[in-house]
Amino acid sequence: MEASPKARKLDIGPPDYRQFLHPVVKENYGQWKYHENLRPGVLVHVSETGAEIYTVRAGSPRLVNIDFVRRICDLADRYADGFLRFTSRNNIEFMLPNKENIDPLIAELEGMGIPVGGTGKIIHNMLHSQGWIHCHTPASADASGITKSVMDELYEYFTAKELPHRVKIAFACCTACCGGIFWSDIAILALHRRPPRVNHDYVWRVCEIPTTLASCPVTAIKPTYVDGKTSVTIDEDKCVYCGNCYSICSACEIIDPVNDVLSIWAGGKLANARSEPMLAKLVVPSLPSNPPRWPEVVSAVKNIVEVYAQNARKYERLGEWINRIGWPRFFELTGFEFTKYHIDDFKHAGQTYKKSVQLKF
Amino acid sequence: MEASPKARKLDIGPPDYRQFLHPVVKENYGQWKYHENLRPGVLVHVSETGAEIYTVRAGSPRLVNIDFVRRICDLADRYADGFLRFTSRNNIEFMLPNKENIDPLIAELEGMGIPVGGTGKIIHNMLHSQGWIHCHTPASADASGITKSVMDELYEYFTAKELPHRVKIAFACCTACCGGIFWSDIAILALHRRPPRVNHDYVWRVCEIPTTLASCPVTAIKPTYVDGKTSVTIDEDKCVYCGNCYSICSACEIIDPVNDVLSIWAGGKLANARSEPMLAKLVVPSLPSNPPRWPEVVSAVKNIVEVYAQNARKYERLGEWINRIGWPRFFELTGFEFTKYHIDDFKHAGQTYKKSVQLKF
Amino acid sequence: MVDKTEMLDELEKGPWPSFVSQIKEQAEKNPISRDLLRQLEQSYKDKKLYWRHGGVVGVWGYGSGMIGRYSARPDLFPGVAEFHTVRLNNPSGWFYNTKSLRQMCDIWEKYGSGLLYMHGMTGDILLLGTTTENLQPCFDELSSEASFDLGGSGPGIRTISCCVGPARCEWACYDTLDVTYDLTMTFQSEMHRPSLPHKFKIKCSGCPNDCVGAILRSDLPIIGTWRDTIQIDQEAVSEYINGGFDIVSYVINRCPTQCMRLTEKELGINDRECSRCMHCINVLPKALRPGKERGATILIGGKTQLVEGTIISSVLIPFIKLTPPYQEIKDLVNKIWDFWGEYARGRERVGEFIQRIGLGDFLEGMGIEPNPYMVAHPRENPHIKFEEYYREGD
Amino acid sequence: MVDKTEMLDELEKGPWPSFVSQIKEQAEKNPISRDLLRQLEQSYKDKKLYWRHGGVVGVWGYGSGMIGRYSARPDLFPGVAEFHTVRLNNPSGWFYNTKSLRQMCDIWEKYGSGLLYMHGMTGDILLLGTTTENLQPCFDELSSEASFDLGGSGPGIRTISCCVGPARCEWACYDTLDVTYDLTMTFQSEMHRPSLPHKFKIKCSGCPNDCVGAILRSDLPIIGTWRDTIQIDQEAVSEYINGGFDIVSYVINRCPTQCMRLTEKELGINDRECSRCMHCINVLPKALRPGKERGATILIGGKTQLVEGTIISSVLIPFIKLTPPYQEIKDLVNKIWDFWGEYARGRERVGEFIQRIGLGDFLEGMGIEPNPYMVAHPRENPHIKFEEYYREGD
Ligand code: SRM
Ligand code: SRM
Ligand code: SRM
Ligand code: SRM
Ligand code: SF4
Ligand code: SF4
Ligand code: SF4
Ligand code: SF4
Ligand code: SF4
Ligand code: SF4
Ligand code: SF4
Ligand code: SF4
C-alpha cells in the first residue's frame with residue numbers, strides 16, 4: 001500500500017455498460033415490444049422495429065473458475081458475437097440475433113454439463129451466501145453444498161417441469177441473511193442454538209463494548225468487569241443466538257457444530273405482481289445439518305415444492321397460495337409440525353396472532 | 001357500610017333472564033329460522049314452528065330518566081305483553097307477537113319523540129362514554145352532547161335513508177376509549193394536547209410512584225425528589241398527552257380546556273363478515289371543541305358518511321371501501337388534509353408504512 | 001326553577017331524543033338532577049368538567065360495582081357534592097319485564113338522581129348519581145326487592161354481556177344467554193371482590209357477526225361458529241334469484257375465500273375453503289344457515305388503548321362445543337386467572353401480558369398445545385428461542 | 001495431487017453443475033485453490049468453518065472493496081493462510097463482452113485463486129481468495145488493463161445493481177442501466193472511502209416486477225412505474241382469446257384491484273383503480289404494456305434481519321420522472337446521507353433509523369411533505385405528538 005500515488009487513477013468506476021451491449025440490443029434499446037418464453041431457458045424479445053433477440057439462459061453454480069468463464073466466453077464468441085450477460089440470480093445469458101444458433105448453443109452447453117432453463121414458471125437458480133467458502137460467521141452449514149444438493153434434486157424443475165408460478169429458493173448461513181431468506185418463496189437458513197461463550201481474555205483487546213452491546217436485538221448483553229478488565233456478559237435467558245455480537249466482537253464465540261441447525265422458511269416474494277411483497281415465514285424450525293448432501297433439508301424443500309405443485313393455481317406464487325388456503329391447511333398438507341417456535345415472539349409478535357374467527361376447519 | 005351482615009344476601013347475581021322472555025320467544029328459543037328487515041326499525045323473525053315475532057327498534061339517548069323508562073314500560077305493557085329488551089347499542093326493542101301492533105306502537109313512539117329505526121344498512125345508534133356527566137378524566141368535550149349533535153344531523157340515516165352498509169359511530173372522551181373508537185366505522189375521540197403539569201405538593205400524598213411510572217405508554221415519567229418529597233417529572237418531549245398518568249395519579253394535572261381537541265377516526269369494524277375485524281385509523285387529528293353543538297365535528301362526520309354513501313358498493317363497510325380505493329383516494333374525496341400526525345409513530349409504526357409500489361394515481 | 005341553561009337548551013333542539021330533556025324532567029323534582037344540570041351547563045360554558053378525581057365508595061361485603069364521584073364545586077352545586085354511580089348487572093341479553101324495571105325505577109327515585117344509563121358500555125344498568133349515605137339502603141332494596149345485584153368494577157371480572165342469541169336470532173351457534181348467566185353466577189365472588197391484576201371482560205356473541213363486539217371489547221371473547229357445512233335451502237336460493245336479487249355480485253363475488261359457485265341455479269359452497277365469515281348467510285338469510293355441528297371459538301386478549309395499545313383478541317381455542325355446565329370454560333378462566341394472576345405486572349391486561357411474555361410461553365404456562373389456527377402466520381424473523389442445547393460433555 | 005476429498009466428491013454427483021468441480025479444476029494448478037479444497041473438505045468433515053474472524057485489508061487510496069480472510073489453520077492449509085476477496089463493481093445489468101471478461105480472468109489467474117463468484121449477492125464480481133501481497137498489483141492491473149474498479153464494502157454506498165431494463169425488457173419504465181452507471185460514477189468517492197453510519201444500497205428495477213429485488217434488498221430502491229393508462233392492443237387481446245387463453249380466470253379475476261372488464265372481446269381497464277401491479281401485463285405481454293408517462297417510485301429503508309428485523313422498503317416519493325443527469329435523485333441521496341449521517345446511531349441502517357425516529361420526523365428532517373401514498377394506512381392509536389400548545393398567558 002506504500003506505492004506512489006502517481007501511477008494510479010482512483011475511482012474510475014466500473015466499465016461503461018454501453019460498450020457491452022450487442023449491436024441489436026443497442027439499436028433496439030428501449031424499443032422492445034414484447035417477449036415470449038419459447039421453452040424453459042429460451043426467450044425471444046421482439047422490438048418495435050421488428051428486430052428479434054433470442055436469449056438462452058444457462059444455469060451456473062455461481063462459484064466458478066476462470067477456465068469456466070473462458071469456456072462460456074468461447075461460446076459467446078461463437079454464437080453471440082462476443083457478448084454475454086449474467087442475471088440477478090447468477091445465470092448466464094447469451095443473446096442471439098440469430099435463431100438458428102439456439103439449438104447448437106444449447107447442445108454445446110448441455111455437453112458441458114451446463115443446464116439450460118430457469119425462465120418462466122419453474123424453479124429459478126438458487127441464491128446463496130458464502131458459507132464455508134469465505135465468511136467468518138456461518139452457522140454449521142455450507143452454502144454452495146446445500147445449493148448444489150437442492151438444485152440436483154429439483155433439477156427437472158429448472159430445465160423442464162412447469163409449476164404454478166416461479167419459485168425462488170435461497171440459502172443463508174447466518175441471520176445476516178446475505179443469501180436472501182425473507183424475500184424467497186422457499187429458504188433455508190442456518191441457525192445457532194446456543195448463546196455465545198464470552199472469552200473474557202479477549203473482549204477488552206478486540207471489542208468495542210458499546211457497539212457490542214448495541215449489536216444485540218434483544219439487549220441480552222451487559223457490560224461487566226472480569227479480572228479488572230472490561231468485558232461483557234450475556235443473559236442466556238434472553239439470547240436468541242443470532243450471532244450478531246460475534247460478528248462485531250469475535251470474543252463472543254458462537255461457532256458450534258454440535259448445536260447448530262437448519263431452518264426452513266416459505267412464502268416470501270419481492271414482485272409487486274398481484275399481491276404486495278411478502279416476507280417468508282418459518283416452516284421448520286430445526287433440521288440437522290448433515291453434510292455433504294443434507295438429505296433432511298433437501299427433502300423438506302422438495303416436499304414444499306411438490307405440495308405447492310399439486311395444490312396451487314396457475315399464476316399463484318407459493319405465498320399467495322398459502323394465504324389462500326391458510327397456514328393450518330399448509331401444515332396439514334406438508335405434514336410439518338406446528339410448534340411453539342413458530343409463534344413469533346420478537347418485536348411485533350402481537351401483530352402476527354390470528355385476530356378473527358375466520359377459520360377454515 | 002357498618003350494617004349487620006345478617007339481613008343481606010351477597011352475590012345473588014342478576015335476575016335470571018328466563019323470566020324476562022316473552023312466551024313466544026321462550027317457545028321458539030333456538031328455533032328461529034330466518035328474519036327480514038321490514039323497514040328501518042322493524043324486523044320479523046320466523047321460527048321453524050311457523051311462529052313469528054316482530055321487533056320494533058326505537059332509538060334512545062342512553063341517558064334517560066325513570067319516567068322515560070316507565071313510559072316505555074307502558075308501551076311494552078300495551079303492545080308487547082310486558083316484555084322489552086335493550087340492544088348492545090342502547091336501543092329499545094319491543095318484540096310483538098302481533099303484527100297489527102307495529103303501526104300503533106310506532107305512532108306512539110314517534111309521538112313521544114322517540115325515533116324508530118337503526119336496523120339494516122343505515123346508521124346505528126352511537127355509542128359513547130361518560131363525558132362531563134360523570135367521569136374525572138375527559139378531555140374537553142361532552143359525550144352526550146356530541147352524540148346528540150351528530151345524531152340530530154344524521155337523523156334521517158337512522159330512520160330511513162339506506163347506506164351501502166351499516167355505519168357505527170362512537171365517541172370517547174379520553175384515550176381509555178370506553179365509548180369505543182377503534183372498533184367503529186367512524187369515531188370521535190377527545191384528546192389532550194399538552195403534557196400534564198405535575199403538582200409536586202400532591203404526588204407524595206396521593207400517588208403510588210411505581211404505578212404512575214408504569215402508566216405511561218412512552219416511558220416519559222421518571223421518579224424524582226422535590227423539596228425532599230418523592231414526586232415525578234414528565235419528559236415533555238416524549239409525552240403524548242394520553243392522560244393515563246392522571247387517571248392513576250391526580251397530581252399529574254392534565255385537564256386543559258384551552259388545548260384539548262377532537263380527533264376523527266374511520267374504518268373500524270368488529271364483525272368477521274367478509275373482512276377480518278379492523279381498527280379505525282386517524283382521519284382528522286384535531287378539530288376545536290365547540291359546545292354546545294360542535295359544528296366542526298358534526299360536519300366532518302357527515303362529510304365521511306356522505307362521501308361513503310356516494311362511493312361505496314352495497315355491502316361494503318366503510319373500512320372495506322377505503323381499503324378498496326386506498327387512503328390517498330379517501331383523503332382526496334373527503335378533502336381532509338394528510339399531515340405528519342397521520343403517520344404512526346407508536347410501537348408498531350413501521351408496520352403501517354406503504355411497503356409496495358402498488359399505487360393508484 | 002333551575003338557572004338559565006342557554007347552552008344545554010341548544011341540545012333540546014333537533015329530532016334526536018335529548019338527554020338534556022331527560023335531565024330537565026328530573027330536575028323539576030330531584031335536587032341531584034337539578035344540580036347536575038346546573039353543573040353541566042357550567043361545564044359547557046367553561047369547556048371543562050367539574051368533577052373531582054377518584055374516590056372509593058361501596059357497600060357492605062362488596063369491593064366493586066360503584067364508582068365514587070364528587071363535585072369540584074360543592075359550594076356551587078351542592079346537589080352533586082356526592083354523585084356516585086351504581087352499576088347493576090344486567091340480565092342476559094338485556095331482557096326485562098316491565099315489573100322488574102318499574103321496581104328498579106321506584107327504588108332509584110327514592111335514593112338517587114332518577115337518571116340512569118340504559119346501559120353502560122360494559123352492559124350494566126348505570127344508576128347515575130347518589131350520595132354516599134344512600135348507597136347501602138339503595139343497594140339493599142335493589143337486591144332484596146328487585147332482585148338486582150351489582151356489576152363489576154376494579155381489577156376483577158366485569159359484567160358479562162351477550163347478544164340476543166337463540167332468544168331471537170336464527171344464527172346463534174350456542175346459547176349465549178345461558179353461558180352468560182351461568183358464568184356470571186359462577187364468578188360472582190371474583191366480580192364483587194376483585195383481586196386480579198386488572199379488569200377481565202368476557203363477552204358472548206352467538207356467531208361471527210359478533211353483535212356485542214366481543215373480539216375487541218373483551219379479554220375472553222366467546223364467539224359462536226360451526227365446524228361442518230353451511231345449510232343451503234336451494235329452493236330459497238331460487239326464490240332470491242327469481243326475485244331479481246343479484247347473487248353473483250352481492251354474494252359470490254364478495255365471499256372472501258371465493259369458495260362459492262352458482263351452477264344452473266344450484267348454489268354450491270366448498271365448505272372446506274369457507275372461513276365462516278357469515279357474509280353469504282347475512283345476505284341470504286332465508287336460504288343459508290350455519291351448519292349443524294355448532295360451538296364456539298374462544299379468543300383471548302382484547303382491549304382498548306391503554307397502556308400498550310388497542311389489541312384485537314386472537315384465537316385461543318379454535319373450536320369447542322358448549323354444553324352446560326360449561327366446565328371447560330370455567331376451568332379455562334380459572335387457569336388464566338392463576339397464570340396471569342401470578343405473573344402479570346400490576347394493571348396489566350391479559351392481552352398485554354401475552355404480548356409481553358409471548359403467546360408461546362403463555363400457552364406453555366396454560367398447558368395448551370400450540371396450533372396454527374392461533375396465528376395469522378408463523379414468525380417472520382429468525383430469533384427462535386430454542387430451549388435446549390448440548391453442552392460440552394453432554 | 002490433492003488429498004482425498006470423500007465428502008466433497010459427493011457434491012460432484014448429480015446433474016447440477018458442481019462448484020466442487022470448479023474448485024478441483026483450479027486445484028490442479030493453483031495452490032490457493034488446492035488448499036481451499038482441502039480446508040473445505042475438513043469443514044465438511046467437522047461441520048465447522050476454518051476461517052478466522054475478520055481482518056482489514058485494502059489497496060492504496062481505497063477504504064473498501066476487499067474483505068480480508070485468514071485461515072484458522074494456516075499450518076494445515078498454508079495456501080489459504082490469506083484468502084482475501086476482491087469485489088469488482090459489475091457493469092450495469094451484468095453485461096460484458098468476452099474481451100473484458102478474458103482480461104479479468106487472465107489477471108486473476110496471475111494473482112489469485114482462479115476462483116470467483118459471478119456474482120456476489122450485492123452484484124459485484126467476487127474474486128475469491130488471494131494474499132495480502134497480491135492485492136495491490138492485482139487491483140492495479142484490473143484497473144489499468146481491464147478497466148475494472150472496486151465495488152463497495154463497509155459503511156458506505158455499495159455497488160448499485162439494476163435489472164436488464166431497456167436493454168432487453170419491454171417493460172422498463174426508465175433507463176435502469178444508465179441511472180445505475182450515472183449514480184455509481186457520481187458516488188465513487190463515498191463508495192470507496194466509506195463514511196456513513198452503515199452500508200447504503202441502491203437498486204434499480206425497471207418496473208414493479210422488481211427483478212433485482214430492490215424493495216427488500218436495498219436502502220433506496222428505485223422502481224419503475226407509470227402514471228397514465230396501460231396501453232392495450234385490442235387485436236392482440238382477441239388473439240389471446242381466440243388462441244383459447246382464459247383471460248377471465250387468469251387475468252381479470254386475478255387483478256388485485258378488480259378493475260378490469262371484458263366486454264364483447266374488448267378489454268377495459270379502469271386505470272384510476274389500477275394499482276400498477278403488472279400482473280395483467282405479465283400474463284398478456286403481447287397485448288398490454290405500461291403507460292407512456294413513465295418514471296419511478298422511490299422507496300426507502302429496505303434491509304434484512306440485523307438488528308431491528310427485516311424491513312421492506314416503503315414509499316418515499318410516489319412518482320418521479322427520471323431524466324439525466326438525475327439531479328433530484330442525487331440531491332435526495334445527499335440529503336439522506338446528511339440527515340441520517342448526523343442523527344443515526346452507529347451501525348444503524350437508514351430503515352432502522354426511520355423506524356426509531358418515525359417516518360414523520362424523518363420527512364420533516366428531509367423537508368419532504370407527508371403524503372398518504374407513504375402509508376398503508378394512517379395511525380391506529382391516539383398517541384399523536386402534537387407539537388404545539390398554548391401556555392397560560394399566550
Ligand atoms: C433476467 C432477469 C433480470 C435481470 O436483470 O437479471 C429477469 C428477467 C425477466 N423477468 Fe424477472 N427477471 C429476473 C429476476 C426476477 C426477480 C428477482 C429474483 O428472482 O431474485 C423477481 C422478483 C422475484 C420475487 O417476487 O420473488 C422477478 C419477477 C418477475 C416477475 C413477477 C413474478 C410474479 O410474482 O408474478 C415477472 C413477470 C412474470 O413472471 O410473468 C418477471 C418477468 C421477467 C421477464 C419476462 C421480463 C421481460 O419481459 O423480459 C424477463 C424474463 C423472465 C424469465 O426469467 O422468464 N420477473 N424477476 C432476472 C432473472 C433471474 C434468473 O436468472 O432467474
Ligand atoms: C340487536 C343486536 C344484538 C343485541 O343483542 O343487542 C343485533 C342484532 C342483529 N344483528 Fe347485529 N346486532 C347488534 C349489534 C351488532 C354489532 C355491535 C355494534 O354495532 O356495536 C355488530 C358488529 C358491528 C361492527 O362490525 O362494527 C353487528 C354486526 C352484524 C352484522 C355484520 C355486519 C357486516 O359487517 O356485514 C350482521 C349481518 C348483516 O348486517 O347483514 C348483523 C345482523 C344482525 C341481525 C340481522 C341478526 C338476526 O338475524 O337477528 C339482527 C338484527 C340486525 C339489525 O339491526 O338489522 N349484525 N351487530 C345489536 C343491535 C345494536 C343496535 O341497536 O344497533
Ligand atoms: C361507565 C363506563 C362508560 C360509559 O359511559 O358507559 C366506563 C367508565 C370508566 N372507565 Fe371504562 N367504562 C365503561 C366501559 C368501558 C369499555 C367498553 C366495554 O367494556 O365494552 C372499555 C373498552 C374495553 C376494554 O375494557 O378495554 C373501557 C375501557 C377503559 C379503560 C382502558 C382499559 C385498557 O386496558 O385499555 C380504562 C382505564 C383503566 O382501566 O385503566 C377505563 C376506565 C374507566 C373509568 C373507571 C375511569 C378511570 O380512569 O378509572 C371510568 C369511570 C367513569 C365514571 O365516572 O363512571 N375504561 N371502559 C363503562 C362501564 C359501564 C358499565 O359497567 O356498563
Ligand atoms: C459476499 C456477500 C455474500 C455472497 O455470498 O455473495 C456478503 C458477505 C458478507 N456480508 Fe452480506 N454479503 C453480501 C450481500 C448481502 C446482501 C444481499 C444484497 O446486497 O442484495 C444482504 C441483504 C441486504 C441488506 O443489505 O440488508 C446482506 C446482508 C448483510 C448483513 C445484514 C445487514 C442488515 O442490516 O441486516 C450483514 C451484517 C452487517 O452488516 O452487520 C452482512 C455482512 C456480511 C459480511 C461482511 C460478514 C460480516 O459479518 O461482516 C460478509 C463477508 C463475507 C465474506 O467473507 O466475504 N451482510 N449481505 C455479498 C456481497 C457480495 C457483493 O458485494 O456482491
Ligand atoms: S449470511 Fe452470514 S455467514 Fe453467510 S455470508 Fe452473510 S454474513 Fe457470512
Ligand atoms: S447471539 Fe445475538 S441475541 Fe445472543 S447475545 Fe449475541 S447478539 Fe444478543
Ligand atoms: S373515555 Fe375516559 S373520560 Fe370518558 S368515561 Fe372513559 S375513562 Fe372517563
Ligand atoms: S400524559 Fe400519558 S404520555 Fe404524557 S406523561 Fe402522562 S402517561 Fe405519559
Ligand atoms: S352475534 Fe350472531 S347470533 Fe348473536 S345476534 Fe348477532 S347475528 Fe345473531
Ligand atoms: S360464510 Fe363467508 S367464506 Fe363461507 S361461503 Fe359464505 S361468504 Fe364465503
Ligand atoms: S424489473 Fe421490470 S423492467 Fe426490469 S427486467 Fe424485470 S420486468 Fe423488465
Ligand atoms: S396492472 Fe394489476 S391492478 Fe392494474 S389492471 Fe393489471 S392486474 Fe389490475
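By convention in this document, chain letters (A, B, ...) are assigned in the order of the sequence lines, proteins followed by strands, and residues within each chain are numbered from 1.
Chosen from C:Pro91, C:Cys105, C:Cys207, the residue pairing most often with chain B at heavy-atom distances under 4.5 Å is C:Cys105. Across C:Leu36, C:Thr184, C:Leu101, C:Val212, the residue that shares the most heavy-atom pairs under 4.5 angstrom with chain B is C:Leu101. Ranked by non-hydrogen atom pairs under 4.5 Å with chain B, the options C:Met278, C:Gln39, C:Met185 are led by C:Met185. The most heavy-atom pairs under 4.5 Å with chain C, out of B:Arg313, B:Lys269, B:Gln31, B:Met112, come from B:Arg313. Contacts with chain C were tallied for B:Ser149, B:Ser129, B:Cys178; B:Cys178 has the most, counting heavy-atom pairs under 4.5 Å. Of the listed residues (B:His22, B:Gln130, B:Gln19, B:Glu156), the one with the most heavy-atom contacts under 4.5 Å to chain C is B:Gln130. In terms of heavy-atom pairs under 4.5 angstrom with chain C, the leader among B:Ile92, B:Asp74, B:Ile114, B:Thr211 is B:Asp74. Of the listed residues (B:Ser275, B:Gly131, B:Gly179), the one with the most heavy-atom contacts under 4.5 Å to chain C is B:Gly179. Interface remark: of the candidates C:Lys45, C:Arg102, C:Glu10, C:Lys13, C:Arg102 forms the most heavy-atom pairs closer than 4.5 Å to chain B. For the set C:Glu348, C:Met104, C:Arg193, the count of heavy-atom pairs under 4.5 angstrom toward chain B peaks at C:Arg193. The choice from C:Gly309, C:Gly346, C:Gly54 that makes the most heavy-atom pairs within less than 4.5 Å of chain B is C:Gly54. Annotation: maximal heavy-atom pairing with chain C below 4.5 Å, among B:Tyr34, B:Phe182, B:Phe158, occurs at B:Tyr34.
With a 4.5 Å cut-off on non-hydrogen atoms, B:Arg89 does not touch chain C at all. Contacts of B:Phe346 with chain C are made by side-chain atoms alone, with heavy-atom separations under 4.5 Å and no backbone atom involved. Heavy-atom distances place no part of B:Glu276 under 4.5 Å from chain C, backbone and side chain included. Contacts between B:Ala176 and chain C at a heavy-atom distance below 4.5 Å involve backbone atoms as well as side-chain atoms. Proximity to chain C (any heavy atom under 4.5 Å) is shown, for B:Cys173, by neither the backbone nor the side chain. Looking at B:Ile53, the atoms closer than 4.5 Å to chain C (heavy atoms on both sides) all sit in the side chain, from C-beta outward. When heavy atoms are compared at a cutoff of 4.5 Å, B:Ile255 approaches chain C solely by way of its side chain, counted from C-beta outward.
Taking CG of C:Leu116 as the start and CD1 of B:Ile66 as the end, the distance is 8.5 Å to the nearest 0.5 Å. How far CD of C:Gln305 is from SG of B:Cys177: 6.0 Å, rounded to the nearest 0.5 Å. With rounding to the nearest 0.5 angstrom, the OH atom of C:Tyr117 is 5.0 Å from the CZ atom of B:Arg62. Atoms NE2 and CD, from B:His45 and C:Glu170 in turn, are 5.0 Å apart once rounded to the nearest 0.5 Å. With rounding to the nearest 0.5 angstrom, the OG atom of C:Ser21 is 11.0 Å from the CG atom of B:Leu63. For the atom pair CG of C:Leu11 and CG of B:Asp142, the computed distance is 8.0 Å after rounding to the nearest 0.5 Å.
With hydrogens and angles disregarded, no donor-acceptor distance shorter than 3.5 Å links the side chain of C:Ser147 to the backbone of B:Pro15. Remark: side-chain polar atoms of B:Trp32 are not paired, donor with acceptor, to backbone N or O of C:Trp171 under 3.5 angstrom. Of the possible polar contacts, none joining the C:Lys47 side chain to the B:Pro291 backbone as a donor-acceptor pair under 3.5 Å is found. No donor-acceptor pair closer than 3.5 Å links the side chain of B:Trp132 to the backbone N or O of C:Tyr50. B:Tyr17 contributes no side-chain N or O that, together with a main-chain N or O of C:Asn90, makes up a donor-acceptor pair within less than 3.5 Å. Looking only at distances, no side-chain donor or acceptor of B:Asn65 sits under 3.5 Å from a matching main-chain atom of C:Gly114. At distances below 3.5 Å, at least one donor-acceptor pair connects side-chain atoms of B:His134 with backbone N or O atoms of C:Phe83. Side-chain atoms of B:Lys9 never come within 3.5 Å of backbone atoms of C:Ser144 as a donor-acceptor pair (strictly under, hydrogens ignored).
With salt bridges taken as basic N to acidic carboxylate O contacts below 4.0 Å, one links C:Lys286 and B:Glu36. B:Lys314 and C:Asp246 are not joined by a salt bridge, as no carboxylate oxygen comes within less than 4.0 angstrom of a charged side-chain nitrogen. B:Arg71 has a carboxylate O that lies under 4.0 Å from a charged side-chain N of C:Glu25, or vice versa, which qualifies the two as a salt bridge. Note on B:Arg70 versus C:Glu109: salt bridge recorded, some NZ/NE/NH1/NH2 to OD/OE distance being below 4.0 Å. Under 4.0 Å is where a charged nitrogen must lie from a carboxylate oxygen, and between B:Asp67 and C:Lys29 at least one such pair does.
Within the 4.5 Å cutoff, the side chain of C:Ile312 has no heavy atoms near those of the B:Met278 side chain. At least one side-chain heavy atom of C:His119 sits under 4.5 Å from a side-chain heavy atom of B:Asn90. Side-chain contact between C:Trp16 and B:Pro115 is present, with heavy atoms from C-beta onward closer than 4.5 Å. Put simply, the side chain of C:Leu115 does not reach to within 4.5 Å of the side chain of B:Phe68, judged on heavy atoms. No side-chain heavy atom of B:Ile181 sits under 4.5 Å from any side-chain heavy atom of C:Thr310. C:Trp94 is not listed as a side-chain neighbour of B:Glu93, based on a closest heavy-atom distance of 4.5 Å or more.
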- [ ] Take B:Ile248 and C:Arg347, measure what side chain to side chain contact (heavy atoms under 4.5 Å, CB included) needs, and give me the verdict at the end.
- [x] CA-CA 10 Å; B:Ile248 298 298; C:Arg347 297 181 59 77; 3.2 Å; yes
TODO: For side chain to side chain contact (heavy atoms under 4.5 Å, CB included), just list the numbers for C:His53 and B:Val206, CA-CA rounded to whole Å, side-chain angles, deciding distance to a tenth of an Å, and then say yes or no.
DONE: CA-CA 11 Å; C:His53 185 285; B:Val206 297; over 6 Å; no
TODO: Apply the test side chain to side chain contact (heavy atoms under 4.5 Å, CB included) to residues B:Leu10 and C:Trp60: give CA-CA distance (whole Å), side-chain angles for both, the deciding distance (0.1 Å), then the verdict.
DONE: CA-CA 9 Å; B:Leu10 301 183; C:Trp60 187 88; 3.9 Å; yes
Task: Worked verdict on C:Ser92 versus B:Phe20 for side chain to side chain contact (heavy atoms under 4.5 Å, CB included) - done: CA-CA 9 Å; C:Ser92 285; B:Phe20 297 151; over 6 Å; no
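Shown here is B:Lys347, whose NZ atom has more than 12 heavy atoms of other residues, nucleotides or ligands within 6.0 Å.
In this structure, a donor-acceptor pair under 3.5 Å is present between the side chains of C:Asp175 and B:Tyr29.
C:Asn209 approaches B:Ala273 most closely through the heavy-atom pair OD1-CB, 4.1 Å. Here the shortest heavy-atom pairing between B:Thr137 and C:Leu49 reads N-CD1, 4.3 Å.
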